[in-house]
Amino acid sequence: MLKIKSIGRKASYGLVLVLLTSILSACNTAGTSSRDRVSSTDSTSNQSDGYYAKMSAGYETSYSEESLALGRMSKPSSSSVEYESRLGFRGADYQSPGLRAVFETQQPDTAQYKNYSDNPVKQVATEPVSTFSLDMDTASYANSRRFITQGRMPHPDAVRVEEFINYFPSASNEKLTSITGSPFSAGYELAPSPWNTDKVLLRVNIKANDVNFNQLPPSNLVFLVDTSGSMYGKDRLDLLKESLKLLVNKLRPQDKVSIVAYAGSAGVVLEPTSGSNKAKILAAIDEFEAGGSTAGGEGLQLAYKMAERGKVNGGINRILLATDGDFNVGINSTEELKAFVSREKEKGITLSTLGFGTNNFNDAMMVQIADAGNGNYSYIDSLEEAQKVLQEEMSATLVTVAKDVKAQIEFNPAQVLEYRQIGYEKRQLKQEDFNNDKVDAGDIGAGKKLTVLYELTLVGGKPSIDPLRYQSKKSATATNANNNEIAFLKLRWKAPRGQKSELASLPIEKKALTSSFAKAGVETRFMAAVAAYGQKLRNNPELSKTSYQQIASWANNAKGEDKQGYRAEFVKLVRKAAALEDKNN
């Protein structure tokens, strides 16, 4: 930090002011030059429609305690010669929802991602049962899209394939079968794998019952907003504010909202307020400004207190944490935060996370605390994405149809030699966990469709693993009575306020196998393309001989009724990845 010794003469103060003005002017000039370099866009690559840059000049700013709590920056006191340590330069104005805005950063990327190893191939003879928790997060796809749109490949650990395949709403008229005694319907299909002629893909779709928006129970929502210095920028706090406004515009009079903001400390911005008073809620959101450190743990504690204060018995009680996950004051350990959130959810208050930002984004923490809070995790990279998550999918985002939902698939050894589950690495459970109601699992929102994919080696096919010399062959003859079945699906779940799980099942029959990939339905072909894309981005060797152009072709031929344009956008994204790969080679 620059230190200036007091000389004790009036003339010296003038010299000091001239010196400071010159330094700040030089920093501003340097920043403008850097900004111009970042925002310049090559017409052929179209890498950026905006920018976000921070530069550290070695100065500090004086804040009042109140402004730190709410993220508002105060003017330096008259006795201070300290200045803001982050000189932020704002990008171009946000584009319309029809055009996805893209942001870049000059800072080193210190984003944090948790590693999950790809699921291995398993032999049905030794491990016939696959058990896992269902998952409705979609953040990984939106975050990876942001990377590629900016002209760079995502970190492999940023890619979670199940969050790719669960991002897309249905685009076909596939008929689902209602699973008796459950809030779910399901459909399935088998088709030869497009990337491995020795394998077959099994796709299972599971859809939760939908709820009409007007029939939703009253909502008690707490917006927990990170207004720390790391949230400064068009891709962070500015986008966050516009995103929350979309949700506010959907609120009904029986709904209520509280707002807690945190920076150096946490404070209540808005007491519980009816959805009929939108002007008051929107005005509170407009007051957010970024500045200070990040007391996220304190913010969480205060948010749960506010949720308790406005709690609606039999209603929706949920905290929406909007942040880049950069907690650096107070409780900041992911394990501590998970333990705290897990305890609080037992009171009937759930937590979902909305991720914003780029270079210091803590994806690893965001996904884990959303899981611990029985909520879902979304990444907001544009107003379009905010509209999808907070308006189009509001029921799925806020309303839980079934909690602690577990799936278990038993493969028939008379039909299947091997299986490999594609995705859901972070949701794997032990076989005995399926019947144990004490084991936590995912929650499923109203109307949400989930896709599960397996790559199978059928009996008679070329196995990836040699058979064991001493294994028993009795199991194959014992299943002759069910030789028309490939597998057997079981689901366990609890009612939203229930404590004891319920069970439902569905056989998966061999007759669902198509003769070729080209003859498979739209959903199977498109989801196969999405799964191939995610695996290739993760550098999975199974896709090493498959090109991005091939994947784009599979997806382009299976867009179906793509009313929102998400599938067409995916095709463009795959082709951009192909161009990036060619450029990097």
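For this chain, numbers begin at 1 and follow the sequence in order. Note that this is a predicted model, so its numbers are computed, not measured.
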request  = Pick out which of Asp255, Asn313, Asn317 makes a side-chain hydrogen bond (donor to acceptor under 3.5 Å, both in side chains) with Asn220.
outcome  = Asn317

Pair Lys494 + Asp437, salt bridge at N-O below 4.0 Å = no

query = Between Lys448 and Ile206, does a side chain to side chain contact (heavy atoms under 4.5 Å, CB included) hold up when you go through it step by step?
reply = CA-CA 8 Å; Lys448 184 64 178 180; Ile206 300 168; over 6 Å; no

query = Does any donor atom in the side chain of Tyr377 or Asp135 lie under 3.5 Å from an acceptor atom in the other side chain?
reply = no

Cationic N near anionic O, under 4.0 Å, Asp440 to Lys403 = no

ask   = Going by atom types only, do Arg252 and Ser276 share a side-chain donor-acceptor pair under 3.5 Å?
value = no

task = Taking the side chain as every heavy atom from C-beta outward, state whether Tyr262 and Thr227 have any pair of such atoms under 4.5 Å apart.
result = no

request  = Kindly confirm or rule out a cation-pi arrangement of Lys388 over Tyr566, judged by NZ or CZ under 6.0 Å from the six-membered ring centre and within 45° of its axis?
outcome  = yes

Within-4.5 Å side-chain heavy-atom neighbours: Arg318 and Leu351 = no

task = Could you pull out the closest heavy-atom pair between Ser228 and Ala290, with the gap in Å?
result = O-CB, 3.4 Å

inquiry  = One thing to verify: whether Lys241 and Asp286 come together as a salt bridge, which I'm taking to mean a side-chain N less than 4.0 angstrom from a carboxylate O.
reply    = no

Any Tyr304 side-chain heavy atom under 4.5 Å of Arg309 side chain = no

key: Pairs involving residues 366-380, ordered by first then second residue, that meet salt bridge (Lys or Arg N to Asp or Glu O under 4.0 Å) (sequence neighbours left out)   = Asp371-Lys426, Asp371-Arg427

inquiry  = Does either side chain, that of Glu163 or that of Tyr424, offer a donor lying less than 3.5 Å from an acceptor on the other one?
reply    = no

query = Taking only residues two or more places apart in sequence or in another chain, which ones pass side chain to side chain contact (heavy atoms under 4.5 Å, CB included) with Ala446?
reply = Asp210, Val211, Ser395, Val399, Val401

query = Less than 4.0 Å between a side-chain N and a carboxylate O, is that true for Lys338 and Glu335?
reply = yes

task = Indicate, with yes or no, if the rings of Phe570 and Phe164 have centres closer together than 6.0 Å.
result = no

key: Note, Glu308 side chain near Ile349 side chain (heavy atom, < 4.5 Å)   = yes

